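In what follows, residues are counted from 1 in the order of the sequence shown. All values derive from a computational prediction rather than experimental measurement.
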Amino acid sequence: MKSLAKFLDKNEHTDLTEGTVWKVIVRFGLPLLIGNLLQQLYNFTDSVIVGQFLGKEALAAVSASFYHYYFIISLVIGIGSGTTVVISQLYGAKDYARLQRAFSTFFFFMLVAGLTLSVAGIILAEPIFRMTNTPEEVLPQAVAYFKIYIGGTFLFVAFHSFISILRGMGESIRPMLLIFLTAILNVVLDLLFIAVFHWGIEGAARATVIAQGIGMCVALGYIHNQHPLLSIQKKDMVFDFTLFKEEMRVGIPTSIQQCAIALGLIALLNVVNSFGADTLTAYGAGGKIEAIITQAFLTLSSALAAFCGQNIGARKYERVWQGVRFSIGFCFILCLLTFLTVILFGNEIMRLFTVDEGVIVIGQEYLVIIFGFMFFHGALNIFNGALRGAGDTFFPMIISLLCLWLIRIPLAYWFSSLWGRPGIWWAIGASFTIGVALTFFYYKSGLWKRRLRA
């Protein structure tokens, strides 16, 4: 174990507790950002290919499927976040003895949960879409796409969990390369299955599942060969109930938070569906554009979770606040630039997805309103990342429940009854604004420090 610790200590690029704060975050976060943008780029390209080759109903089917799928895997996503925090803190504290057990414990959980969710999703696919009043012209393609996509849940969850664990240990270059691999594979397979083989909406789903499966195998091989503490050899694979309880303690609030977010998105989808297929298509396409920028926020959030986790493990609390301040400044500049971009070029961007002018007009309307509130969305993710790094996932969970169910959804019904379709987008912006205000005051209060590991 001493030789192993010596080996790990030499990997200075994984140590986030030393050096100038903004340089450390940029050096660690930039590859992570590129990786996440690549992830969104192939989701973006996937939707562009579907929209251009298969039409707006197929694009609406892909959009509707995302929100239902997000709900089904929310539990595993949350526990994965808890595992990343635990590993990050153990690594920062140089508690190498328990790293392997934390990893293998999560691997067992992930295997069982992923397979269970796949079976449940396939069985419940059509009832789920009917429950949210999916337009009849969209329903058959949505169900067909969803059944194939949900069948690959274990591959998807495993791949992204491995990426998160590597980031928790301070790696960012190789996760970026792994995501780049899956992005290229997904685009190539999309074009092959849709444009050449003419497999329709099922081809798009198969392309994503295959790309994620290959990515998962490559990621697992890298972890096994390059990280001595994260072995998958039989002798090293154990299930540690104590560590699992710690992962659950941190992860379950995030799981509840993710489920609340997903259910909120589904409830909002029900409002969107009431305005017809064109609104659903524009909402889905606009969401893909929004997601590209949102990934920058999620990148900062993930980078801060790892950065704060390691620095809290090393008891360097001043660096935590310095990291948050830098991230907020970066967020403001990015949001200003992107807002100006959608004002000037929103229609042209929407035309990448569809030639339907009605959909384009609705999409531009969505983009202008949502991007007007984007800074509040970004700041909310940044503060949540810092809190997760400290192991405090309870407060973000409460804020998510409050903002979605007591603010966003009621306001969406109310505003849309007053102002029509745009009222939905204003309700989303209002929920971001209130959420970040509450989270900022909580962070500044210092109450989150009560949840630090002893």
Step-by-step ring pair (Phe, Tyr, Trp, His ring centres under 6.0 Å) determination, Phe108 to Phe244: CA-CA 10 Å; Phe108 283 122; Phe244 183 65; over 10 Å; no
Considering only distance and modelled atom types, tabulate donor-acceptor pairs under 3.5 Å from the side chains of residues 262-275, sequence neighbours left out.
residue, atom, partner, partner atom, Å
Asn270, OD1, Asn133, ND2, 2.9
Asn273, ND2, Thr132, O, 2.9
Asn273, ND2, Leu269, O, 3.3
Ser274, OG, Val271, O, 2.4

Given side chain to side chain contact (heavy atoms under 4.5 Å, CB included), test Thr45 with Asp190 step by step and report yes or no. CA-CA 9 Å; Thr45 306; Asp190 258 342; 6.0 Å; no
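- Inter-residue side-chain proximity for Glu357 and Met350 is flagged as unmet; no heavy-atom pair is nearer than 4.5 Å.
- Residues Asn186 and Thr182 are not in side-chain contact: their nearest non-hydrogen atoms beyond the backbone lie 4.5 Å or more apart.
- Considering all non-hydrogen atoms of both residues, Gln52 and Leu352 come closest at NE2-O, 2.7 Å.
- Atom CD1 of Ile210 is separated from atom CG of Leu185 by 9.5 Å, given to the nearest 0.5 angstrom.
- Looking at every heavy atom in both residues, Gly286 comes nearest to Leu367 through O-CD2, 3.8 Å.
- Side-chain rings of Phe44 and Phe353 approach one another, their centers coming within less than 6.0 Å.
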Walk me through whether Asn381 and Leu300 qualify under side chain to side chain contact (heavy atoms under 4.5 Å, CB included). CA-CA 8 Å; Asn381 277 281; Leu300 285 173; over 6 Å; no
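- Scanning for ring-ring contact (aromatic ring centres under 6.0 Å, His included) contacts around Phe162 gives an empty result, with sequence neighbours left out.
- Two residues are said to be in side-chain contact when any heavy atoms from C-beta on lie closer than 4.5 Å; Phe297 and Ile382 fail this criterion.
- Residue pairs meeting the salt bridge (Lys or Arg N to Asp or Glu O under 4.0 Å) criterion with at least one member in residues 281-292, sequence neighbours excluded, do not occur.
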Identify every side-chain donor-acceptor pair in residues 420-429 under 3.5 Å, counting partners at least two apart or on other chains, and give the distances.
residue, atom, partner, partner atom, Å
Arg421, NE, Glu365, OE2, 2.9
Arg421, NH2, Glu365, OE1, 3.1
Trp425, NE1, Glu365, OE2, 2.8

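- Here the CD1 atom belonging to Ile349 is positioned 12.0 Å from the CD1 atom belonging to Ile360, to the nearest 0.5 angstrom.
- In this structure, the separation between CG on Leu54 and OG on Ser47 is 11.0 Å, given to the nearest 0.5 Å.
- From Leu404, atom CG reaches atom CD1 of Ile399 across 11.0 Å, with rounding to the nearest 0.5 Å.
- For the pair Lys56 and Thr281, the tightest heavy-atom approach, listed with the atom from each and the gap, is O-OG1, 3.4 Å.
- Qualifying ring-ring contact (aromatic ring centres under 6.0 Å, His included) partners for Phe415, counting only residues two or more places apart in sequence or in other chains: Trp419.
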Stepwise ring pair (Phe, Tyr, Trp, His ring centres under 6.0 Å) test for Phe395 and Tyr442: CA-CA 8 Å; Phe395 184 81; Tyr442 176 78; 3.7 Å; yes
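- Proximity of Leu59 to Val359: side-chain heavy atoms (C-beta onward) are nowhere separated by under 4.5 Å.
- Within the structure, the salt bridge (Lys or Arg N to Asp or Glu O under 4.0 Å) test picks out no pair touching residues 393-414 (sequence neighbours left out).
- Contact record, Val157 with Met110: CG1-CG, 3.8 Å, taken as the closest heavy-atom pair.
- Aromatic ring pairs are classed by plane angle as parallel below 30°, tilted from 30° to 60° and perpendicular above 60°; the pair Tyr70 and Phe66 is parallel.
- For the atom pair CZ (Phe371) and CD1 (Ile289), the distance works out to 7.0 Å, reported to the nearest 0.5 Å.
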Kindly list each side-chain donor-acceptor pair under 3.5 angstrom involving residues 320-327, sequence neighbours excluded, with atom names and distances?
residue, atom, partner, partner atom, Å
Ser327, OG, Gly323, O, 2.9

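- Two residues are said to be in side-chain contact when any heavy atoms from C-beta on lie closer than 4.5 Å; Cys335 and His377 fail this criterion.
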With side chain to side chain contact (heavy atoms under 4.5 Å, CB included) as the test, would you mind laying out the steps for Trp414 and Leu411 before giving the verdict? CA-CA 5 Å; Trp414 182 29; Leu411 287 183; 3.7 Å; yes
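- Residue pairs meeting the salt bridge (Lys or Arg N to Asp or Glu O under 4.0 Å) criterion with at least one partner in residues 257-269, sequence neighbours excluded, do not occur; the list is empty.
- Thr294 pairs by the side chain to side chain donor-acceptor pair (under 3.5 Å) definition with nothing, not counting sequence neighbours.
- In this structure, Cys308 and Ala386 approach most closely via the heavy-atom pair SG-CA, 3.9 Å.
- The closest side-chain heavy-atom distance from Phe106 to Leu243 is not below 4.5 Å.
- Annotation: side-chain hydrogen bond (donor to acceptor under 3.5 Å, both in side chains) contacts involving residues 329-349, sequence neighbours excluded, are absent.
- The two atoms that bring Ala142 and Ser65 nearest to each other are O-OG, 3.5 Å, heavy atoms only.
- In this view, Phe330 satisfies the ring-ring contact (aromatic ring centres under 6.0 Å, His included) rule with no residue, not counting sequence neighbours.
- With sequence neighbours excluded, the residues satisfying ring-ring contact (aromatic ring centres under 6.0 Å, His included) with Phe332 are Phe375.
- Atoms CD1 and CG, on Ile150 and Leu117 in that order, are 6.5 Å from each other to the nearest 0.5 Å.
- Contact of the Leu181 side chain with the Val218 side chain is registered, since non-hydrogen atoms from C-beta on lie closer than 4.5 Å.
- In this structure, Tyr366 and Thr279 have side chains that are not in contact, with every pair of non-hydrogen atoms separated by 4.5 Å or more.
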